[in-house]
Amino acid sequence: MTVYKGYMKIMWKNKGFILLYLAIFTGITMMFQAVNGNSQTGSYQAESIKIAVVDEDGGSLAFGLKEYLGQFHEVTTAVYDKALLQEDLFYRDVEYIVWIPEYFFETCIAKGQELRVTKIPGSYTAFYVDQQINSYLNNARTCHAAGLTQEETARSLEKLESAQVELLDTGRVSETRSNYGFYFQYIPYLFLAVLCYVMGKVLVVFKKGDLPKRMRACALSARRQSLEGLLAAATLGLCLWAVSMAGAFAWYGDILSERGGVGYFLLNTLLMMFVALTISYLVGLLVHGKGAANTLNGVVNVLSLGMCFLCGVFVPLELMNKGVKTAAQFLPVYWYEVVNNLLVEFGDVTGEVRQTVLQGLGIQFVFVAALVCITIAVSKWRRVL
């Protein structure tokens with residue numbers, strides 16, 4: 001196991017680099033998790049704003065409108081003082097002003113005139129209030145068209161109930177994405193950066209000076225040397241995968257144990273590790289000559305960052321245009337992210353979701369097999385040279 005020990009010795013010298021990337025990976029994951037946890041993008045929540053109502057009518061329907069808005073917002077009755085109201089609006093003491101004119105029922109309901117309002121320009125909450133007022137006025141106009149008086153209309157609108165909305169269970173659990181989604185999303189960057197650099201470093205060292213000639217002249221066969229080298233690479237890859245999975249279960253074990261698809265998570269990350277491992281071996285074979293170390297750094301950065309930006313690691317796939325996603329389909333990291341997004345989004349992997357997940361896993365396996373064949377061909381070509 002001389003070759004295996006040599007590989008492992010060089011890998012051990014690069015332990016600081018591995019620990020550095022583990023720390024960067026953990027920091028990025030925790031940062032994005034914290035940002036996502038503080039946002040409310042996953043759910044809708046109605047906002048309550050401060051509304052001032054200038055009531056010049058004093059009728060039952062005007063009172064009903066104030067009561068209706070009071071169910072959702074902080075409503076206060078104001079006197080007609082244009083300068084004072086503008087000052088309150090400027091200092092954000094109120095965000096929306098409703099002017100109820102005299103003869104409100106006759107002008108705004110019977111004749112259909114618009115209700116005068118004043119709001120902060122560009123405020124999205126103002127559009128929400130607009131919709132509520134329009135809904136109330138439209139209902140009042142419907143009652144008037146049916147022949148009801150102002151008092152009868154006001155009493156009818158008091159009986160209106162909010163619609164009951166029942167959400168269908170689609171199996172999606174996207175609200176828990178902030179707990180573990182970003183962790184698995186960024187794993188390809190960890191695997192590509194660490195394995196490509198470390199394995200490339202090892203293979204560059206083994207190609208220095210007369211070492212290749214000495215290895216060809218030694219008692220160990222070329223096949224035995226290759227097997228020991230592959231065993232060392234697999235040891236590094238499996239150790240990195242085990243550490244990353246241990247971190248996932250240490251931080252999110254409770255969530256992962258309560259949901260389905262954990263086995264698919266493990267298989268998806270394992271295949272991604274083998275993809276990164278075969279890419280790293282190929283990179284190590286191709287980088288040679290003087291300045292190989294600097295060349296290796298550049299190649300690793302281009303490969304790891306390039307694939308991660310194109311394939312949905314740093315930028316979610318749903319934010320990319322069709323052309324970029326079409327090109328990304330020719331890269332293995334894209335299929336890892338497709339599978340990962342489905343596993344994060346759905347609790348139970350069944351039906352069409354299961355078929356798509358298996359398709360993504362199968363494509364990653366094909367990438368591994370293809371990269372192995374390319375690596376073997378390049379290895380034989382390098383020996384001939």
Side-chain angles (χ1 to χ4, degrees), residues 170-174 177 180-196 199 230-231 233-242 244-245 248-249 256 259-283 303-304 306-318 320 322-379:
T170 61
R172 297 173 183 260
V173 289
S174 56
R177 180 176 179 83
Y180 57 88
F182 285 109
Y183 185 92
F184 288 100
Q185 179 179 331
Y186 287 99
I187 276 182
Y189 176 66
L190 173 67
F191 288 169
L192 287 169
V194 172
L195 293 179
C196 286
M199 283 305 305
L230 292 174
L231 180 60
T235 301
L236 173 63
L238 289 174
C239 287
L240 184 62
W241 176 79
S244 60
M245 292 302 99
F249 281 96
L256 292 174
R259 51 160 296 142
V262 177
Y264 290 105
F265 271 115
L266 297 177
L267 183 58
N268 193 36
T269 52
L270 185 63
L271 284 172
M272 187 65 245
M273 184 274 294
F274 280 117
V275 167
L277 200 59
T278 51
I279 291 176
S280 68
Y281 213 90
L282 183 60
V283 169
L303 276 176
S304 59
M307 277 201 286
C308 288
F309 273 110
L310 289 175
C311 299
V313 178
F314 296 142
V315 180
L317 291 175
E318 57 267 20
M320 296 183 177
K322 185 177 179 180
V324 174
K325 287 194 285 188
T326 300
Q329 291 178 11
F330 294 94
L331 300 172
V333 179
Y334 170 85
W335 296 102
Y336 169 88
E337 291 298 335
V338 168
V339 174
N340 183 67
N341 290 340
L342 289 174
L343 295 177
V344 170
E345 186 175 6
F346 291 89
D348 296 321
V349 182
T350 57
E352 294 183 0
V353 177
R354 184 173 182 270
Q355 293 179 3
T356 307
V357 167
L358 292 178
Q359 179 187 17
L361 295 174
I363 292 175
Q364 289 184 74
F365 181 79
V366 171
F367 270 108
V368 172
L371 288 169
V372 168
C373 294
I374 295 173
T375 301
I376 292 174
V378 172
S379 179

Minimal heavy-atom distance between Leu271 and Val368, with the atoms involved, is O-CG2, 4.1 Å
Minimal heavy-atom distance between Val333 and Pro188, with the atoms involved, is CG1-CB, 3.9 Å
Under the side-chain contact (heavy atoms from CB on, under 4.5 Å) test, residues paired with Val315 that sit two or more places apart:
Phe309, Leu319, Met320
Heavy-atom side-chain proximity of Tyr264 to Arg354 below 4.5 angstrom:
yes
What is the distance from atom CG of Leu236 to atom CG of Leu231, rounded to the nearest 0.5 Å?
11.5 Å
Below 4.5 Å, heavy atoms only, C-beta onward: do Leu238 and Leu270 meet side chain to side chain?
yes
Taking the side chain as every heavy atom from C-beta outward, state whether Trp241 and Thr269 have any pair of such atoms under 4.5 Å apart.
yes
Specify the closest pair of heavy atoms between Leu192 and Cys308, including all atoms of both residues, with the distance to one decimal.
CD1-SG, 4.4 Å
What are the two closest heavy atoms between Ala276 and Leu195, and how far apart are they?
CB-CD1, 3.8 Å
So which atom in Leu371 and which in Val275 form the shortest heavy-atom distance, rounded to 0.1 Å?
CD1-O, 4.1 Å
Quick one, Tyr281 with Leu277, criterion side-chain contact (heavy atoms from CB on, under 4.5 Å). Give me CA distance, side-chain angles, the key distance, then yes/no.
CA-CA 6 Å; Tyr281 213 90; Leu277 200 59; over 6 Å; no
Where Asn268 and Asn340 come nearest, the two heavy atoms and their spacing
ND2-N, 3.7 Å
Within the side chain of Asn341, is there an N or O that forms a donor-acceptor pair under 3.5 Å with the backbone of Glu337?
yes
Checking side-chain contact (heavy atoms from CB on, under 4.5 Å) for the pair Tyr336/Phe184: CA distance, chi angles, key distance, verdict?
CA-CA 10 Å; Tyr336 169 88; Phe184 288 100; 3.9 Å; yes
Side-chain heavy-atom pair Phe265, Val344 within 4.5 angstrom cut-off:
yes
Under 6.0 Å between ring centres, would you say that holds for Phe314 and Tyr189?
yes
Gln329 backbone acceptor or donor facing Trp335 side chain under 3.5 Å
yes
Any heavy-atom pair between the side chains of Ile279 and Cys196 that's under 4.5 Å?
yes
Val338 versus Lys325: any side-chain heavy-atom pair under 4.5 Å?
no
Can any side-chain N or O of Gln185 pair as donor or acceptor with the backbone N or O of Val313 at less than 3.5 Å?
yes
Heavy-atom check, side chain of Ser244 versus side chain of Phe191, under 4.5 Å
yes
Full working for side-chain contact (heavy atoms from CB on, under 4.5 Å) between Phe249 and Val262
CA-CA 10 Å; Phe249 281 96; Val262 177; 3.6 Å; yes
Using the side-chain contact (heavy atoms from CB on, under 4.5 Å) rule, take Met245 and Ile187 through it: C-alpha gap first, then chi angles, then the decisive distance, then the call.
CA-CA 10 Å; Met245 292 302 99; Ile187 276 182; 3.5 Å; yes
